[in-house]
Amino acid sequence: MAMTEVAGADVEVDAEGFLVYPEDWNRVLAEEIARENGIPELTPRHWQVVEFMRERYLETGTAPSIRSLGKESGVPIKELYQLFPKGPAKLAAKIGGIPKPRGCI
Amino acid sequence: MKRIVILGGGTGGTMMANRLRRLYDEDEAAITVVDKDDRHVYQPGLLFVPFGLASVDEIVRPRRQQLRSGIDLHVSEIDHVALTEDRVHLVDGSTLPYDVLIVATGVTLRPEETEGLTGPGWRERMFTFYDVPGAEQLARVLDAFDGGRLVVNLIDMPIKCPVAPLEFAFLADWYFAERGIRDRVELTYVTPLDGAFTKPIASERLAGLLAEKGVELVTEFAVGEADGEGGRLVSWDEREVPFDLLVTVPLHEGAPYVGRSEGLGDELAFVPTEPHTLQSLARPNVFALGDATNVPISKAGSVTHFEGEALTENVRRFLAGDELEGSYDGHANCFIETGFGKALLIDFNYETEPLPGRFPNAVGPLPLLKESRLNHLGKLMFQWLYWHALLPGRDIPGISPSMEMSGKERQLEHVSEGGKRRWP
């Protein structure tokens with residue numbers, strides 16, 4: 001990660017704190033966003049979800065829903081709610097530096 | 001002779017078959033529609049059955065009767081699509097080769113995917129009005145209900161007609177008021193969303209309506225378990241909502257054969273589809289429309305209708321070897337029944353959320369995002385238009401397939417700014 005080159009620069013976020021440009025993301029930033037959202041430390045289980053989310057988004061342009069996470073991330077839904085309280089898909093997206101999953105009408 | 005195979009004889013399949021039959025002479029293209037039965041359900045009518053406002057006979061007609069002459073209806077379950085062979089394999093043993101395949105098999109309800117939902121109490125005190133048997137059972141159950149806690153719920157998005165559970169709550173308020181027992185019924189609306197609806201302006205107005213009608217709103221409640229014996233919904237994060245009667249919208253997935261067709265669907269059996277051309281991402285000669293796709297817009301009959309023009313154009317272009325130019329903009333349009341003979345109307349697309357104003361243009365006559373009698377009449381009239389304009393694949397006079405901004409009031413106060421944060 002070319003962190004030093006941009007160290008000290010600002011990254012853009014939307015009104016709810018989601019990164020506007022996924023390429024601005026790095027793992028230190030992820031830890032920071034996690035702490036601000038009530039997760040003191042990202043465990044390997046957290047990372048499994050965050051990385052799955054991010055890879056899927058970069059591959060397809062869409063963030064997976066909670067049901068897709070439950071089926072495909074290797075972490076069952078019950079545990080997703082323990083790891084990322086309230087809204088696992090939303091919070092994991094925020095920590096993973098990808099846009100808020102689009103709520104389809 | 002081109003071979004066009006359409007999977008599904010519902011709203012999208014019927015409309016596409018009729019549009020394409022008009023486009024091609026019988027010696028230019030053979031058109032086959034496949035469905036598991038010959039019963040076409042007017043699905044918006046299911047909302048009215050539980051309240052005695054419609055009967056099942058009125059909303060079900062033979063599929064064959066909705067198809068123009070020169071269209072073959074093949075009644076069978078679908079086993080799978082073999083994309084590499086350009087063939088559909090049917091459960092009755094036959095196979096259908098195609099030059100173009102159109103997937104229009106909508107969604108399948110999956111109540112068994114929610115723990116406990118199909119266990120004790122299913123179809124006894126836990127119901128859905130999203131299928132014909134459920135809507136009929138609810139008519140009897142509501143008739144006998146003389147008070148208690150009625151919970152209206154959707155398990156998770158995406159669902160067909162996302163406003164329908166809200167409409168159910170509004171109509172329940174009206175229904176019990178008419179019966180003179182509204183004060184004995186506690187109505188609660190339980191949703192996994194963070195508001196009454198997905199988009200901010202409509203969400204705010206609809207939450208206001210729920211409050212006016214005395215319906216309690218419980219948000220961000222993602223159901224992990226439905227306990228029919230104990231009469232409670234339990235969320236993944238271990239909150240509980242008690243009920244005497246549960247009316248829920250179960251989880252949705254694409255049709256089961258999509259899951260059995262290698263490369264056709266995603267993990268929920270929806271067909272990944274290019275949102276503007278409606279070509280599937282699986283193969284250039286496979287297209288999809290309506291509820292079966294993964295395009296980011298409501299699963300609704302109006303969406304399917306508005307997709308029709310672009311898709312017909314693209315199928316024609318594909319078969320002629322031309323670039324696809326037909327472009328669907330995500331236009332959707334829904335009446336929201338609010339009880340007491342009134343309804344709301346919303347109109348939106350991929351880019352523009354539902355806004356207040358007038359429809360179809362600045363002179364109206366229908367108000368947007370506002371209760372009115374005229375909208376209710378519009379909703380009732382829509383049933384006629386469904387059988388006589390939408391399924392035959394005709395445009396509805398005065399209503400363009402793409403969304404019009406004229407008549408809509410732009411809402412600047414909702415544009416919220418982002419900010420910056422320090423790179424660590």
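Excluded from the calculations below are hydrogen atoms, water molecules and symmetry mates; all remaining heavy atoms, backbone and side chain alike, are included. Proteins get letters first, then strands, A, B, ... in listed order; numbering begins at 1 in each.
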> Between atom CD of B:Glu267 and atom CG of A:Leu69, what is the distance when rounded to the nearest 0.5 Å?
Replying inline: 9.0 Å

>> Please enumerate all residues that pass ring pair (Phe, Tyr, Trp, His ring centres under 6.0 Å) together with B:Phe270, with sequence neighbours excluded.
In response: none

>> More than 12 heavy atoms of other residues, nucleotides or ligands under 6.0 Å from CD of B:Glu262: yes or no?
In response: no

> Does any heavy atom of chain B fall under 4.5 Å from the side chain of A:Glu36, the backbone, both, or neither of them?
Replying inline: side chain

>> Quick check: closest heavy atoms across A:Lys90 and B:Asp194, and the distance to 0.1 Å?
In response: NZ-OD2, 3.6 Å

> Given a strict heavy-atom distance threshold of 4.5 Å, which part of B:Asp266 is in contact with chain A: side chain, backbone, both, or neither?
Replying inline: neither

>> Please give me the minimum heavy-atom distance between A:Val13 and B:Lys420, naming the atom from each residue.
In response: CG2-N, 4.1 Å

>> Regarding A:Lys78 and B:Glu225, does a basic nitrogen lie under 4.0 Å from an acidic carboxylate oxygen?
In response: no

> About how many Å separate OG1 of A:Thr60 and CG of B:Asn294, when rounded to the nearest 0.5 Å?
Replying inline: 9.0 Å

> Under a 4.5 Å heavy-atom cutoff, which of A:Lys71, A:Arg67, A:Glu12 has the most pairs with chain B?
Replying inline: A:Arg67

> At a heavy-atom separation under 4.5 Å, does B:Glu220 approach chain A through its side chain, its backbone, both, or neither?
Replying inline: side chain

